[in-house]
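This report concerns only the one structure given below.
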Amino acid sequence: MTTLLNITGLTANFETKSILDGLSLAIPAGEVHAIMGPNGAGKSTLGYVLSGRDGYEVTAGRAELDGKNILEMEVEERVAAGLFLALQYPVEIPGVSYMNFLRTAYNAVRKARGEAELEAVPFLKLIRSKAAVLGITDDMLKRPVNVGFSGGEKKRMEMLQLLLLEPRIAILDETDSGLDIDALKVVADAVNSLRAPNRSFIVITHYQRLLDYIKPDHVHVLAKGRIVQSGGPELALELEAKGYAHLAA
Amino acid sequence: MPTLQPETPAWPGTKLEAFKYTNLTRLAGTELAAARSTLHHSPKLEGVTVSSLAPALTMPVTPLTQRALAMADNGWLIEAKGEIAAPLELNLALGEYASTAPRLLIRLAANTHLTIYEDAHAAASSLTNQMWQIELAEGARLCHVRLQESQDTATHLCTSAVTVGRNASYKLITLNTGAGIARYEPHITLTAPGADVNLTAINLLTETQHGDVTSVMRHAAPHGTSRQLVRNVLAGNARGVYQGQIVVAPDAQKTAAQQSSKALLLSEFAEMNVKPELEIYADDVQCGHGATIGTIDRMALYYLKARGIPEAQARALLVSGFIAEALEGVSNDSLRLRLDQQVARFMERVV
């Protein structure tokens, strides 16, 4: 099976603090991998480092997507290459409508991938079809990005962006936090609808609950900046029962 | 060659409170030859007459109006009556390498509705020091859209004196992206109950541009409402100035007057100076002001890039979001398009 994302010896600091400490992880194409772990283990940092957020300094290691080291790319180039990070806390952007934001993003990625950009009318048709799946209304698309949205609405909008940009590898950073069970199902359905042999997911979560709806192929425990344990879906159930304390040593 | 009279007042400097942030003494010694302005306007709008102006204007006595009065330039009287659907387009032609001081008197009869689109374009290496007087009779509604996109070598100064009558409304939207030095100084008086004023000023400046909006909002009668929305986006070494004075007369009860100033600095060398001045002599009023100065939200910039939008485009999107509220007031599609295009030209220049 081909490896889609291959992370080797990834070491990174935030400001001066060491967060990732030689993390290695290989994600084959078509699989869903869950990453669990205690607070402060570096789970969110892994997402940010892979996506290229400012302030995170990579001091060693590689992260290859389809054989290309994405760590050398600009943030937006990684997106064009097929990486998508759904944020735990989506950002509010006053004055910029969701529709404008989504179309700008979609066309920027199309352009970078050498594909034709989409005019306003066909884009509207496309976005409506995808929004309908997530129960997102036209009114939500007209509003400024995330301003006045509930936690659940914000996460649904993240999933809309995921559906729109059709990445090779999607990282969901605690997408389940703050969601009620109905919203959780909507998010899980969106992810499941995108599962494909050439696409993979990293699902970062604290709770087993999300994994009832998005069935992982593998579960990893991230602690102290590296993967300390890997297993099948049963590992998530075990962690739910025992916690992380026994891993501390 | 010098055509100014010897008693012409000197250019004001920062010792004067009203010019605290805008030093015009640097204009001394670079006097340009005085020239006569001409006015281009949209032809034959039913209900609108334009004629050469004989009577003197009633302007506040300020260093700028004193200087303008000392110069001989042309003037026009514009009178409007009725509900006029098409915008009246005005463009003062101000010659290159010349100094001008044109005067306009605009009168809207009772219940007249008019939109003025002012192309406030000054030629290269010119200096204009304009005086506008606007009178709105009872129930009149004027929407005044003003686009100033002069060359950086131009100096654009304008003082306006606006009286807003009973239940009349004055809506001003001024977009300022041009001139090396620009100062817009509207003196607006709400003279009768029910008068309403909406002032929106957007400065988008870069390099060494200096843009000053100094307003005086005088509530002289009860039940008047005024809102001022000022947005500055400053790149390079640009400097934005907003001095907003609100004066509420003793009998102007039930006045509601608001001011909001926000500045977005795109460079560490850009500077914003804000000075609100509230003089309130009535006790039953609602007056407020707020001012913020900030930089591009790094998290928002990251979020846009993390959705595939390149840095320059992401910055442009954030700037457009910053001024979106200010542009909302323009409902005429063709005017809105011109505003958007002028904003786009600024964005091309700075990002």
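Each chain gets a letter, A, B and so on, in the order its sequence line appears, and its residues count up from 1. Bear in mind that the values here come from a model prediction, so they are computed numbers and not experimental data.
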Go through G52(A), G55(A), A108(A) and name the one with the most non-hydrogen pairs under 4.5 angstrom from chain B. A108(A)
Flag for H121(B)-Q148(B): side-chain donor and acceptor within less than 3.5 Å: no
I70(A) side chain near L83(A) side chain, heavy-atom distance below 4.5 Å: yes
Within 45 degrees of the ring normal and closer than 6.0 Å to the centroid, is that where the cationic atom of R146(B) sits relative to Y184(B)? yes
Counting only heavy atoms closer than 4.5 Å, note whether L85(A) contacts chain B via side chain, backbone, both or neither. both
Is chain B contacted by the side chain of E74(A), its backbone, both, or neither, given a heavy-atom distance below 4.5 Å? neither
Would you check if the distance from the ring center of F101(A) to the ring center of Y303(B) is below 6.0 Å? yes
Tell me, for V79(A) versus chain B, whether the close heavy atoms (under 4.5 Å) come from the side chain, the backbone, both or neither. side chain
Which of the residues L165(A), L87(A), V145(A), N107(A) is involved in the greatest number of heavy-atom pairs with chain B at under 4.5 angstrom? L87(A)
Closest non-hydrogen contact found for L118(A) with R103(A) is O-NE, 3.3 Å
Of the listed residues (A80(A), P144(A), G95(A)), which shares the most heavy-atom pairs with chain B below a 4.5 Å separation? G95(A)
Less than 4.5 Å apart, any side-chain heavy atom of K130(A) and any of L160(A)? yes
Considering only heavy atoms, which portion of Q313(B) lies under 4.5 Å from any heavy atom of chain A: side chain, backbone, both, or neither? side chain
